[in-house]
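What follows is one structure encoded as structure tokens, with my remarks underneath.
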Amino acid sequence: MSCLLQLLSFFLIISSAASIQTPKHYVVYMGSSAGETAESDHLQLLSTVIPREERERISITNHYNHALRGFSAMLTDDEASELSGRNGVVSVFPDSILQLHTTRSWDFLDDNSNPKLNLGSYLPHKSTYDVIIGMIDTGIWAESPSFKDEGMGEIPKRWKGVCMEGPDFKKSDCNRKLIGARYYNVMHASNGNNTTQMRVEKSPRDTVGHGTHTASIAAGAIVANASYHGLAQGTARGGSPFFRIAAYKVCSEDGCPGSTILKAIDDAVKDGVDIISISIGTSAFLQPNFLKDPIAIGAFHAEQMGVMVACSGGNEGPDPFTVTNAAPWIFTVAASNIDRGFHSKVLLGNGRIFQGSAINFSNLTRTETYPLAYGKDIAAKYSPIPEARSCYPGSLDPEKVKGKIIVCFDGFPVVSRTIKKLVAEDAKAKGLILINENDESAPFDSGPFPFTEVGTTIGYKILKYINSNKNPSAIILPTVEIPGIKPAPVVAYFSSRGPSVLTENILKPDIMAPGVAILGAITPKDEEESASDGVKPGGYALESGTSMACPHVTGASALVKSVHPKWTSSMIRSALMTTATVYDNMRKPVTNGSASFATPHEMGVGEISPVKALNPGLVFETTTEDYLRFLCYNGSPEKTIRSMSKTKFKCPTKSSDDLISNINYPSISISKLEKSIGFLTIKRSVTNVGHPNVTYTSTVQAPMGMKVKVIPKKITFLENVKRVSFKVLFDGSEASSGYNFGSITWSAAQYSVRTVFAVNVE
């Protein structure tokens, strides 16, 4: 009996321990705001789920009360579950940590769109609408020349934001260019005494560099003779020197809390921004649904309040289904290169010269070569060959590496180029030649360490030289800039691809913009880390990622907004999408890193052409009702949608995912077209923003075997007829299985309005 009691007691102790839950940070989303909500109301709600003996936990971390309603707080799993069932609560979800999706580019967009157009002549001046861009990122370095306010007029009276002070940031750091700066309580890691401590930086100042770089791309002032160690030298500028910037610091080196991003979006809308730029996202494989995604939630309510949100699509390409930030109310951006390369040559001991890609500022010259060795031949004892050939940490013998230039493959994707470079550097190597089996990537910045990256064809030639020579040798030369690269644009290898895992019936990404080796402003901290031999980079650096592509689209959207201030976000997005170019600077279709024609799942509708978007002729207006119907079709309950919209909206009687294809979007995506069903009808309507009396004629570019009909073939607009509907019929009975891509173009006089389609035939 005593044994039974002991066993029962043991299980009671285990059960009691299991019931003790550690509170975690949760976001409680309560839908659309109906005006200012008192924080005390949310505290009262918290008190109903948190035990009285733990009343010290009844506190709000973030309070959302302008564009949306809700809060974030520390809750146990059980408390969060209980709150999720309460009246007025749309969703409760853990606070996730999102990651940063980490000049000549604007001139290239101008040149490639049409040589006769001059983007500079369209740059907004003081008589146009004063556009305010909200940059939600790592903060800003206010002293950069990119944020000077020379020639700018008074700050718009509609601006309601603030310039928050900190120990290293004063109100006077803001000006007529940088009109607002906020920070939030985001934890930063600081190292000291061999320990890592977490601290809160109470300042809008950028200590990471990412936010400064993206802000300068979107709306930087004109800065002459900007360069990075002499590379990419020229005039740096953003979308316009006269756009205003408001910086919202939500990220540290360790990431960006979703609850804080949501708070920044709420604040930005309240402050009076016109466009929000977010180069942040979650992993494609960890994407929550739209009602538990802080960026999607915030962007939905910003859109309702008339504020456009542009987001980077992610850097997890080239695999399909990796695009993020894919809600239809978000302008989702892919990345491309521009017509500029950065090459570092490899000189072999036999006199052969090979061209690699890199950004390095080494002091090596042609006068002296160094022994050349392949990673697997200089492996540490007991190291697996696959690890040694890939410069895996701990896999190389330092004694065998010292003084040599080493060759490794870019295997083990989890081991970045930065780590491989450190492995070589720590072992006292004289340089590193990395063989990229994918043949295409953004140039890696190795600073003063000799580094270059080559494709497999060149890589195997170098290995053949090593294997056929008793004393192979080589030298890696410093980087030189190569202008006029062709073809360009090319879809960046790293750029995340569609379709979206959340729904295939909206084409994502939407559009493509420059994101490879883009020159932008940086922080002095970055300058110190990248300086070599006392040469200062001059306040600018080259960075790659959809993080850099997104602010290009932000700046282009701001340009359209400055000329058409009454246009809605969806009209601006449509103007940019239907005028995008699908041709490179060789006047051939845009390709991807594998030299194949790029598909809409890689580049969206094509590369932005900002000047053409100023006069698109027709636009597709995607309304709030379209977005609410999207939520219905995507499976959200009607009650939830009403809370989000503060309306009495009713879901259509028939609601299914395939109906998403019918929301009035500027592109068309059909996730499933059965060969046996005959024609499937998709509906669209367009609004005339061009000449009042005009007739457009449709032309179809369809893939082999697919039948596409447009009804009617012609549409006419008059003084009193501004909006016209049409149907597109798709029949895939004779088409190839899988995704088929094409386009429909409406033409009239100088107008050409292109709608891309993606149809999955089964």
If we count only N and O atoms by modelled type, under 3.5 Å, do the side chains of D274 and Y129 hold a donor and an acceptor together?
yes

Is there a donor-acceptor pair under 3.5 Å between the side chain of T324 and the backbone N or O of G281?
no

Evaluate the side-chain contact (heavy atoms from CB on, under 4.5 Å) criterion for residues R182 and V162: first the C-alpha distance (whole Å), next the side-chain angles of each, then the deciding distance (0.1 Å), finally the verdict.
CA-CA 7 Å; R182 288 182 184 267; V162 297; 3.7 Å; yes

Of W329, F630, F290, Y29, the one forming a ring pair (Phe, Tyr, Trp, His ring centres under 6.0 Å) with F300 is W329

Closest non-hydrogen atom pair between A299 and I330, with its separation
CB-CG1, 3.6 Å

Kindly check if the number of other-residue, nucleotide or ligand heavy atoms within 6.0 Å of CD (E154) is above 12?
no

So do H42 and R69 actually touch side chain to side chain, heavy atoms under 4.5 Å?
yes

Test side-chain contact (heavy atoms from CB on, under 4.5 Å) on S279 and D137; report intermediate values, then the result.
CA-CA 7 Å; S279 291; D137 213 294; 4.2 Å; yes

CD1 of I297 to CG of L262, rounded to nearest 0.5 Å, is 6.0 Å

Does Q287 use its side chain to pair, donor to acceptor, with the backbone of V501 at less than 3.5 Å?
no

Evaluate T554 against S277 for side-chain hydrogen bond (donor to acceptor under 3.5 Å, both in side chains), listing each step before the verdict.
CA-CA 6 Å; T554 302; S277 188; 2.8 Å; yes

Side chain to side chain, N185 and K202, heavy atoms closer than 4.5 Å
yes

Could you tell me if the side chain of S84 sits less than 4.5 Å from the side chain of F93, heavy atoms only?
no

Is the shortest heavy-atom distance from the side chain of W141 to the side chain of R205 under 4.5 Å?
yes

Return yes if a side-chain donor-acceptor contact under 3.5 Å exists between D271 and Y248, otherwise no.
yes

To the nearest 0.5 Å, tell me how far I261 CD1 sits from C251 SG.
5.5 Å

Who are the salt bridge (Lys or Arg N to Asp or Glu O under 4.0 Å) partners of R86, not counting sequence neighbours?
E82

Go through Q304 and H301 one step at a time and tell me if the side-chain hydrogen bond (donor to acceptor under 3.5 Å, both in side chains) criterion holds.
CA-CA 5 Å; Q304 280 192 311; H301 291 288; 3.2 Å; yes

Return yes when atom CD of E150 has more than 12 non-hydrogen atoms of other residues, nucleotides or ligands closer than 6.0 Å, and no otherwise.
no

Please identify each residue that fulfils salt bridge (Lys or Arg N to Asp or Glu O under 4.0 Å) with D657, with sequence neighbours left out.
none

Beyond-backbone contact of I608 with V553, side-chain heavy atoms, under 4.5 angstrom:
yes

Less than 4.0 Å between a side-chain N and a carboxylate O, is that true for D510 and K508?
yes

Side-chain heavy atoms of I641 within contact of C632, under 4.5 Å:
yes

Less than 4.5 Å apart, side chain to side chain, heavy atoms only: is that true for P328 and I663?
yes

L46 versus F71: any side-chain heavy-atom pair under 4.5 Å?
yes

Any donor-acceptor pair under 3.5 Å linking the side chain of S574 with the backbone of F620?
yes

Going by distance alone, is a donor N or O of one side chain under 3.5 Å from an acceptor N or O of the other, for S33 and N65?
no

I need the minimum non-hydrogen distance between P288 and T282, along with the two atoms involved.
CD-CG2, 4.3 Å

Could you tell me whether a side-chain N or O of E39 sits under 3.5 Å from a main-chain N or O of I60, the two making a donor and an acceptor?
no

Quick one: do D254 and I97 satisfy side-chain contact (heavy atoms from CB on, under 4.5 Å)? Show the steps, please.
CA-CA 8 Å; D254 304 306; I97 302 297; over 6 Å; no

Atom CZ of R52: over 12 foreign heavy atoms under 6.0 Å
no

Distance in Å, M135 CE paired with I275 CD1, rounded so as to fall on 0.5 Å steps
11.0 Å

Backbone N/O of T622 and side chain of S570: donor-acceptor pair under 3.5 Å
yes

Output yes when a side-chain donor or acceptor of H213 lies under 3.5 Å from a complementary backbone atom of G520, and no otherwise.
yes

T61 and its side-chain contact (heavy atoms from CB on, under 4.5 Å) partner, picked from S259, S72, P257:
S72

T523 and D206: side chain donor to acceptor below 3.5 Å:
no

Smallest heavy-atom separation, K249 atom then E201 atom, equals NZ-OE1, 2.9 Å

State plainly whether the residues K263 and D267 are in salt-bridge range, i.e. N to O under 4.0 Å.
yes

Quick check: closest heavy atoms across H25 and A73, and the distance to 0.1 Å?
CD2-O, 3.4 Å

Set of salt bridge (Lys or Arg N to Asp or Glu O under 4.0 Å) partners for R244, sequence neighbours left out
D130

Where the side chain of N325 meets the backbone of I280, is there a donor-acceptor pair that is under 3.5 Å apart?
yes

Taking all atoms of both residues into account, what is the closest heavy-atom pair of M577 and S667, and its distance?
CE-OG, 3.9 Å

Does NZ in K650 sit with more than 12 non-hydrogen atoms of other residues, nucleotides or ligands closer than 6.0 Å?
no

Is the side chain of N315 donor-acceptor paired with the backbone N or O of S544 at a distance under 3.5 Å, no angle test?
no

Output the distance between atom CG (L631) and atom OG (S655), rounded to the nearest 0.5 Å.
10.5 Å

For the atom pair OG1 (T687) and CE (M571), what is the distance rounded to the nearest 0.5 Å?
6.5 Å

Salt bridge or not for K24 and D77, using N-O below 4.0 Å?
yes

Just by distance, do the side chain of E625 and the backbone of F649 share a donor-acceptor pair under 3.5 Å?
no

Given the rule in the salt bridge (charged side-chain N to carboxylate O under 4.0 Å, His left out) test, do R57 and E79 qualify, once you have shown the distances and angles that lead to the verdict?
CA-CA 12 Å; R57 281 204 294 114; E79 291 162 356; 2.7 Å; yes

Atom OG of S643 and atom CG of L68: how far apart are they, to the nearest 0.5 Å?
13.0 Å

Within the side chain of S496, is there an N or O that forms a donor-acceptor pair under 3.5 Å with the backbone of E316?
yes

Shorter than 2.5 angstrom, is that how the SG atoms of C550 and C311 come out?
no

Show your working on side-chain contact (heavy atoms from CB on, under 4.5 Å) between E543 and I518 and close with a plain yes or no.
CA-CA 5 Å; E543 301 287 351; I518 304 301; 5.9 Å; no

Pair D626 + R629, salt bridge at N-O below 4.0 Å
yes

Using every non-hydrogen atom in the two residues, find where A326 and T332 come nearest and quote the distance to one decimal.
CA-OG1, 4.0 Å

